[in-house]
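Quick caveat, the model's predicted, so the values are computed rather than measured. Note on naming: letters A, B, ... go to the chains in the order of the sequence lines (proteins, then strands), and numbering restarts at 1 for each one.
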Protein chains: 4
Amino acid sequence: MERQARRAQVLYHAKRLFALQGYHRTNISDIVAQARIARGTFYLYFQNKKELFEELLNEALREISARIHRIRLGPNEPSPAQQLRDNIVRVLDFVLAERELTDILLNHAYDLDRDFDGRIRNFYAHIIEQIQRSLELGIKMNLVRPCDTRTVAICILGGVKEVAAQTLAEPHPDVNQLAEQILDFGLRGVATEELLRAAPGRTLEKPH
Amino acid sequence: MERQARRAQVLYHAKRLFALQGYHRTNISDIVAQARIARGTFYLYFQNKKELFEELLNEALREISARIHRIRLGPNEPSPAQQLRDNIVRVLDFVLAERELTDILLNHAYDLDRDFDGRIRNFYAHIIEQIQRSLELGIKMNLVRPCDTRTVAICILGGVKEVAAQTLAEPHPDVNQLAEQILDFGLRGVATEELLRAAPGRTLEKPH
Amino acid sequence: MERQARRAQVLYHAKRLFALQGYHRTNISDIVAQARIARGTFYLYFQNKKELFEELLNEALREISARIHRIRLGPNEPSPAQQLRDNIVRVLDFVLAERELTDILLNHAYDLDRDFDGRIRNFYAHIIEQIQRSLELGIKMNLVRPCDTRTVAICILGGVKEVAAQTLAEPHPDVNQLAEQILDFGLRGVATEELLRAAPGRTLEKPH
Amino acid sequence: MERQARRAQVLYHAKRLFALQGYHRTNISDIVAQARIARGTFYLYFQNKKELFEELLNEALREISARIHRIRLGPNEPSPAQQLRDNIVRVLDFVLAERELTDILLNHAYDLDRDFDGRIRNFYAHIIEQIQRSLELGIKMNLVRPCDTRTVAICILGGVKEVAAQTLAEPHPDVNQLAEQILDFGLRGVATEELLRAAPGRTLEKPH
DNA sequence: GATGAATGAGAATTCATTCAT
DNA sequence: GATGAATGAATTCTCATTCAT
């Protein structure tokens, strides 16, 4: 457990440095200086620089994945729109709680290693698929207008990513307000006209 | 002109390598090997690796900027929606025509240099402002529903960026179809309900 | 202390190489080979080659400066001639004790860097001024004949420098004998005729 | 002959550059740029950079050698002191007429090549011998007091060298005045007391 | 002869990683 | 475990010299 604490200490400082300067501009000297450990000690806890970075990146991927829940249908479930809203809020909460990790994921996770790039690509591809499935479900339920679900899913992902990226720079963003704007924009973008007509108000949700 | 041809040759090969492997994994040795020139020859045409990369990046930024036209209003102008569509098509045309440059811009332009990161941030910030101004104009014209124009602008930029990024991987994407989907999604996302009701068809444009 | 020992080791070998081959013909490879350390180790102790050289040169300048004492007048002080003799002996002692440093200073300290050349020029300019002041004092005391003290001071400096340079090549020079010759030549060169007449012997000093 | 003119042109510019910046800081690019010839053209006239430098240096050595005449005794010859004065004046005239060559010889002729250093050492050794022989002749003639002629010769050479070096920096030095000071200092430094007593005036020459 | 683009050996420096203490 | 000095492969960049036109 002591071991875990040391690892965590190093990870903490490395995370800050990577977020601030990126992978290549951050060297082992910087990390051990910040973590106040000896150069050699670093290698007692991590195989190498890449492994450390990978661990941070994995944490980000894992955490974000965990915050995106599959849309569940059922009488006791919140409305799909509410579930989407919850997903967005959870992701943005993570973005703010872990600005450094997010920064690393969005801005510094490329240019490392071939299989690394692949992993991130897969991660996003997976999210795109999830969104796509939701859209297809929505179409079946007549909530979503027919469209090229893949392209629209990509647009939605891109929108969230860019909001996340831009949000990093802001001191005290209002997550709920951001989520609302994203949701409103996205839902209107995909809603059937019937749905829009039925629910002209601000929160665009299926009437019960 | 001879000089320009040589430069172009080196730029061509460097571009491919940067797109394939990123900035840090591409070293001068790789570039000169691909371009089939001697080590020293490289330095006759470029001060250093960074300058070469900068030149490529600048080309991408310049070209994309040039393809995003400001929305013009007037009796002889195409409809705003058509102008947006044209912008998207022009940008996606560039993405396909210069997949490598796009790849570099989207995936490998970070983690280089402090002032570099800044330049790219400015580039996107500028585009966000442009979109935001268009949205505000649309609101005044009652084409766009009131909303947090900055957040929505960020969503739109993100959508286009992500489509561009995903499109890079596809062999023969249909640019018009992609543009149509983006436009449709985006316009519905921001349209006033009045406008939506008036134009229920697929192409969401203001009726004349 | 360990650190200082390593530095000293590298300095020692670098000094020998610089004396033997000069600055430009001595490269880092030579130095690390002689010092039997790895390439990178060099940079743990010195920023770069120039800094190392500078350190050696500074030592030479400092040491020589320290050995040239200002002429003191007073009832308990040795005669001015004796003080001059002591200065010369101390400098020549250094020359022999640190042949390599002297060689570097006299023969290899040019052609490096602009500000470097300046530093050495200042060093000699300072010594010329010191000699000049002594001569002027001597004139006031009627020990030295009136003359262009600056030019004569330059002659004296040049004489000592050249003796030092030539002495480097000799295996077992007699420092006292050399000093005596320099002193005798220099003093007679500047002495008033009155003084010469009063002290016709070998050691040309003011009679008490 | 055209060929000689071209060579001279290149030599002229190279000389200025070498004097200004030294051998190592002056590169072929600088020289051909100043001489307004193409890179390759340089090698039509000179084997390489070193040969060019060597040629300049040889000119300096040759010219200075030529200006140092052996002391001739005889009824129709000027006095030895006058001959010495003439030697000094000729050398200083050269110093001023060819400041750049002198600068090169005094400040930038080391650190090139092993055999180069040797050549310069020989040059000075030769001059020292000449002076030494003059001194020995003087001793025989009872003009010069007995002394370690080699050390004194070195002092004399050093004096002249240093005056030459310092003179380079001055805008309009008075060569005759400098020569007079050097001569006066040097002659008094070596004169027999008998000679000094016989000729107490300023110009220390053997009475006829 | 003249040109200047091309060459490539060589030099300095960095930095992730190892290993003796 | 902890340390930090040592390592050396890898990389960038320079510049005297060559050579096809």
Side-chain angles (χ1 to χ4, degrees), chain A residues 2-3 6 10 23-33 35-53, chain B residues 2-3 5-7 9-10 23-33 35-52, chain C residues 2-3 5-7 9-10 23-33 35-52, chain D residues 2-3 6 10 23-33 35-53:
Chain A
E2 180 52 43
R3 180 171 176 80
R6 258 300 168 78
V10 178
Y23 181 81
H24 291 98
R25 268 175 292 172
T26 299
N27 48 37
I28 302 289
S29 298
D30 295 336
I31 296 172
V32 299
R36 294 174 180 267
I37 58 171
R39 260 174 126 52
T41 309
F42 178 90
Y43 289 91
L44 295 177
Y45 294 95
F46 301 93
Q47 295 241 339
N48 52 40
K49 185 180 167 187
K50 200 185 129 193
E51 194 210 64
L52 164 62
F53 187 85
Chain B
E2 183 52 43
R3 180 172 177 80
R6 242 313 194 254
R7 272 184 79 88
Q9 175 203 9
V10 178
Y23 182 79
H24 291 99
R25 268 177 291 167
T26 301
N27 49 37
I28 304 287
S29 299
D30 295 336
I31 296 172
V32 299
R36 292 174 182 271
I37 57 172
R39 245 155 200 308
T41 307
F42 177 89
Y43 291 93
L44 292 179
Y45 295 94
F46 303 93
Q47 297 241 339
N48 51 42
K49 184 176 150 185
K50 198 185 138 198
E51 196 211 61
L52 164 60
Chain C
E2 183 51 47
R3 178 173 177 80
R6 242 313 194 255
R7 273 183 76 87
Q9 174 202 11
V10 178
Y23 181 81
H24 289 100
R25 267 177 292 167
T26 301
N27 48 38
I28 303 289
S29 299
D30 295 335
I31 296 172
V32 298
R36 293 175 181 268
I37 57 172
R39 245 155 199 305
T41 306
F42 177 90
Y43 291 93
L44 292 179
Y45 296 94
F46 302 93
Q47 295 240 339
N48 50 44
K49 185 176 150 185
K50 197 186 139 196
E51 196 211 60
L52 164 60
Chain D
E2 180 53 44
R3 179 172 176 81
R6 257 303 169 76
V10 177
Y23 182 80
H24 290 99
R25 268 176 292 172
T26 300
N27 47 38
I28 302 289
S29 297
D30 295 336
I31 296 171
V32 299
R36 292 175 183 268
I37 59 171
R39 260 173 129 53
T41 308
F42 178 90
Y43 289 90
L44 295 178
Y45 294 96
F46 302 92
Q47 294 240 338
N48 52 40
K49 184 180 167 185
K50 201 185 128 195
E51 195 210 61
L52 164 62
F53 187 83

Exercise. Base, sugar-phosphate alone, or nothing: which one does C:Phe46 contact when heavy atoms must sit under 4.0 Å apart?
Worked result: nothing
Exercise. When you check the phosphate oxygens OP1 and OP2 of E:dG1, does a side-chain N or O of D:Arg6 lie under 4.0 Å from one of them?
Worked result: no
Exercise. Can you find a pair of side-chain heavy atoms, one from C:Ile37 and one from C:Tyr45, that are under 4.5 Å apart?
Worked result: no
Exercise. In whole angstrom, what separates D:Arg25's CZ from E:dA11's C1'?
Worked result: 18 Å
Exercise. With under 30° as parallel and over 60° as perpendicular, where do the rings of A:Phe53 and A:Tyr23 fit, or are they tilted in between?
Worked result: perpendicular
Problem set entry | base_contact_polar (F:dT7 base, C:Arg39 side chain, donor-acceptor, <3.5 Å) | no
Problem set entry | Nearest listed nucleotide, side chain of D:Lys49, among F:dT17, E:dT13, E:dT3 | F:dT17
Exercise. Among the nucleotides E:dT7, F:dA2, F:dA5, which one has an atom lying closest to any side-chain atom of C:Tyr45?
Worked result: F:dA5
Exercise. Nearest-Å distance, CG (C:Asn27) to C1' (E:dT13)?
Worked result: 13 Å
Exercise. Hey, is the side chain of A:Tyr43 poking within less than 4.0 Å of OP1 or OP2 on E:dT17, counting only N and O atoms?
Worked result: yes
Exercise. Roughly how far apart are D:Leu44 CG and D:Thr41 OG1, rounded to 0.5 Å?
Worked result: 5.5 Å
Problem set entry | Flag, side chain of C:Gln9 to backbone of C:Ala5, donor-acceptor distance under 3.5 Å | no
Exercise. For DNA chain F, whose closest nucleotide is more 5', that of D:Tyr23 or that of C:Leu44?
Worked result: C:Leu44
Exercise. Is there a side-chain contact between C:Ile28 and C:Asn48 (heavy atoms, below 4.5 Å)?
Worked result: no
For this session: Report the residue (D:Phe42 or A:Lys50) whose heavy-atom-nearest nucleotide on DNA chain E is the more 5′ of the two.
Result: D:Phe42
Problem set entry | Complement of E:dG10, any strand, by Watson-Crick or G-U distances under 3.5 angstrom | F:dC13
Exercise. Looking at C:Asn48, does any N or O in its side chain come under 4.0 Å of the phosphate oxygens OP1/OP2 on E:dA12?
Worked result: no
Exercise. Of D:Ala38 and C:Thr26, whose nearest nucleotide on DNA chain E comes first from the 5' end?
Worked result: D:Ala38
Exercise. Any side-chain N or O of D:Thr41 under 4.0 Å from OP1/OP2 of E:dT3?
Worked result: yes
Exercise. With sugar-phosphate meaning primed atoms plus P, OP1 and OP2, does B:Ile28 contact a base, only sugar-phosphate, or nothing at under 4.0 Å between heavy atoms?
Worked result: sugar-phosphate
